[in-house]
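Heads up: the structure comes next, in structure tokens.
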Amino acid sequence: MDLKVTDTKKFHNGQEIPLVGLGVWKMRDEKEAIEAIQVAIESGYRAIDTAKVYENEEYVGQAIREAGIARAREALTITSKLWNADHGYDETLRAFDTTLKKLQLDYLDLYLIHWPVLAYKDSWRAMERLYNEGLIKSIGVSNFHQHHLENLFTTANEKPVIDQIEIHPLLSQKPLKAYLESQDIVHEAWSPLAQGGELLKNQTLQRIANKYNVTIPQVILRWHLNNGSVIIPKSVTPERIRANIDLFGFDLATSDMAEIDALNKDERKGSNPDSEEFLARVWK
Ligand code: NDP
């Protein structure tokens with residue numbers, strides 16, 4: 001598959017998102033976050049994925065203002081997310097306003113419903129308003145299963161452009177990805193490296209990495225790209241940040257892709273929004 005670092009995924013509304021972005025969850029330290037974003041931008045990243053609940057929107061905003069590239073704001077695709085406690089029409093308008101102020105931006109590229117909880121249809125109406133007013137270039141969702149999307153479609157005027165979901169070789173999400181593709185909704189992989197755990201020691205992945213003279217994380221991230229997903233790997237380590245976007249000098253053979261597919265165990269690192277544990281937590 002012929003891919004370049006500057007390639008993007010086009011949304012059904014005509015906007016685009018770079019294939020690789022920097023995830024900034026757990027970057028709670030100001031200096032660490034700003035330095036990681038700076039290294040990322042220097043390495044060619046043009047997208048940053050934050051959220052209200054990550055408590056670092058201010059740092060992302062500061063890093064954008066300090067970015068040493070021309071027309072930095074226009075060059076970057078910035079995503080943030082509506083937190084579970086902020087659902088509802090008026091609440092969403094207020095939460096978005098706070099997000100924009102923290103980022104010190106006058107528009108957001110992409111705003112997502114973080115989890116499909118509570119009054120997400122009312123929240124979506126508010127997001128549609130912000131989209132129509134030009135304050136958000138694109139609106140989407142995260143952690144939505146097919147049934148959540150079908151429910152949203154019953155009242156939505158705008159279709160989400162993207163669904164950001166947990167995807168990695170232990171949770172390949174083939175059926176949901178196929179459904180999203182059938183709806184012209186881009187799939188974006190969160191925790192694309194399965195949060196950097198045991199998977200990074202897997203023998204099959206090591207053999208494939210040796211074959212291409214790359215690392216296991218690079219094999220995993222290229223697997224995502226070949227599957228058509230947008231990726232947002234997180235790292236605060238400069239050499240890892242650089243390696244995680246250095247994915248375009250090799251390609252994986254079909255047989256390697258199949259071997260990685262076979263690692264799927266439907267094993268989640270995060271919550272399943274349909275689980276009783278999750279529903280009890282968000283409804284309490
Ligand atoms: P990732 O799968 O991106 O893994 C991150 C971990 O892997 C960190 O511990 C990092 O360490 C390590 N790592 C990164 N690159 C390498 C490498 N090349 N070699 C070895 N280790 C590496 O997990 P995340 O959970 O952070 O997911 C990525 C992003 O997805 C988040 O930052 C967030 O933006 C988004 N997300 C969204 C969710 C949602 O509900 N919508 C839920 C979870 C995440 P170190 O930083 O120390 O280098």
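The shown structure was predicted, so the numbers you read here are calculated from the model rather than taken from an experiment. Counting convention: from 1, in listed order, for ligands and their atoms alike. Residue numbers run from 1 in the order of the sequence given.
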Query - Residue-ligand contact Ala243/ligand 1, heavy atom below 4.0 Å - result: no
Query raised in the report: Parallel under 30°, tilted from 30 to 60°, perpendicular over 60°: which one fits the rings of Tyr212 and Phe250?
Result: tilted
Query raised in the report: Can Thr50 and Asn56 be counted as having a side-chain donor-acceptor contact under 3.5 angstrom?
Result: yes
Query raised in the report: Hey, are the side chains of Glu188 and Ile231 touching, using non-hydrogen atoms and a 4.5 Å cut-off?
Result: no
Query raised in the report: Should the proximity of Ala51 to ligand 1, defined as any heavy atom under 4.0 Å, be assigned to the side chain, the backbone, both, or neither?
Result: neither
Requested in this report: Quick one: do Glu57 and Ser80 satisfy side chain to side chain donor-acceptor pair (under 3.5 Å)? Show the steps, please.
Outcome: CA-CA 8 Å; Glu57 289 173 315; Ser80 193; 2.6 Å; yes
Report task. Kindly confirm or rule out an N or O of Pro233 lying under 3.5 angstrom from an N or O of ligand 1. Result -> no
Report summary line: shortest atom 34 (O) of ligand 1-to-protein heavy-atom contact is with Asp49 OD2, 2.7 Å
Query raised in the report: Heavy atom under 4.0 Å from ligand 1: found in Val24's side chain, backbone, both, or neither?
Result: backbone
Requested in this report: May I ask whether Gly270 places a heavy atom under 4.0 Å from ligand 1?
Outcome: no
Query raised in the report: Hey, which of Tyr89, Tyr131, Tyr107, Tyr111 is the one that makes ring-ring contact (aromatic ring centres under 6.0 Å, His included) with Phe96?
Result: Tyr111
Query raised in the report: Of Arg240, Lys26, Lys269, Lys234, which has the heavy atom at the shortest distance from atom 14 (C) of ligand 1?
Result: Lys234
Query - Evaluation steps, salt bridge (charged side-chain N to carboxylate O under 4.0 Å, His left out), between Lys234 and Asp49 - result: CA-CA 9 Å; Lys234 174 265 177 186; Asp49 182 86; over 6 Å; no
Requested in this report: Mark up the atoms of ligand 1 that fall under 4.0 Å of a heavy atom belonging to Trp115, in ascending order.
Outcome: 40 (O)
Query raised in the report: Which atoms of ligand 1 sit under 4.0 Å from any heavy atom of Gly196?
Result: 4 (O), 7 (O)
Report task. Can you label the angle between the His148 ring and the His145 ring as parallel, tilted or perpendicular, going by 30° and 60°? Result -> parallel
Report task. Mark yes or no for whether Glu166, through its side chain, and Gly270, through its backbone, hold a donor-acceptor pair below 3.5 Å. Result -> yes
Query raised in the report: Which part of Ser235 is near ligand 1, with near meaning a heavy atom under 4.0 Å away: side chain, backbone, both or neither?
Result: both
Query raised in the report: Which protein non-hydrogen atom lies closest to atom 23 (O) of ligand 1, naming both residue and atom, and how far is it?
Result: Ser191 CA, 3.5 Å
Report summary line: ligand 1 atoms nearer than 4.0 angstrom to some heavy atom of Ala194 are 2 (O)
Query raised in the report: If you look at every heavy atom in Val141 and Leu152, which pair is closest and at what distance?
Result: CG1-CD2, 4.2 Å
Query - Contact atoms of ligand 1, heavy-atom distance to His114 under 4.0 Å - result: 39 (C), 40 (O), 41 (N)
**Report entry** Nearest non-hydrogen protein atom, atom 9 (O) of ligand 1
**Finding:** Gln195 O, 4.2 Å
Requested in this report: Give the C-alpha distance, both sets of side-chain angles, the deciding distance and a yes or no for ring pair (Phe, Tyr, Trp, His ring centres under 6.0 Å) between Phe144 and Trp115.
Outcome: CA-CA 7 Å; Phe144 274 46; Trp115 291 90; 9.7 Å; no
Query raised in the report: Can you name the one residue among His168, Gln173, His187 that meets side chain to side chain donor-acceptor pair (under 3.5 Å) with Ser229?
Result: His187
Query raised in the report: What are the atoms of ligand 1, with element, lying closer than 4.0 Å to any heavy atom of Ile232?
Result: 28 (C), 29 (C), 30 (O), 35 (C)
Query raised in the report: For ligand 1, does Asn143 get within less than 4.0 Å through its side chain, its backbone, both, or neither, judged by non-hydrogen atoms?
Result: side chain
**Report entry** Per-atom contacts, ligand 1 versus Pro217 - under 4.0 Å to a heavy atom
**Finding:** 17 (C), 18 (N), 19 (N)
Query raised in the report: Where does Leu200 meet ligand 1, judged by heavy-atom distances below 4.0 Å: at the side chain, the backbone, both, or neither?
Result: side chain
Query raised in the report: Going by the order shown, which atoms of ligand 1 are within less than 4.0 Å of some heavy atom of Tyr54?
Result: 33 (C), 34 (O), 35 (C), 36 (N), 37 (C), 38 (C)
Query raised in the report: Can an N or O of Leu193 be found at a distance shorter than 3.5 Å from an N or O of ligand 1?
Result: yes
**Report entry** Trp25, any N or O under 3.5 Å of ligand 1 N or O
**Finding:** yes
Query - Straight-line distance of Leu110 CG to Ile48 CD1, nearest 0.5 Å - result: 13.0 Å
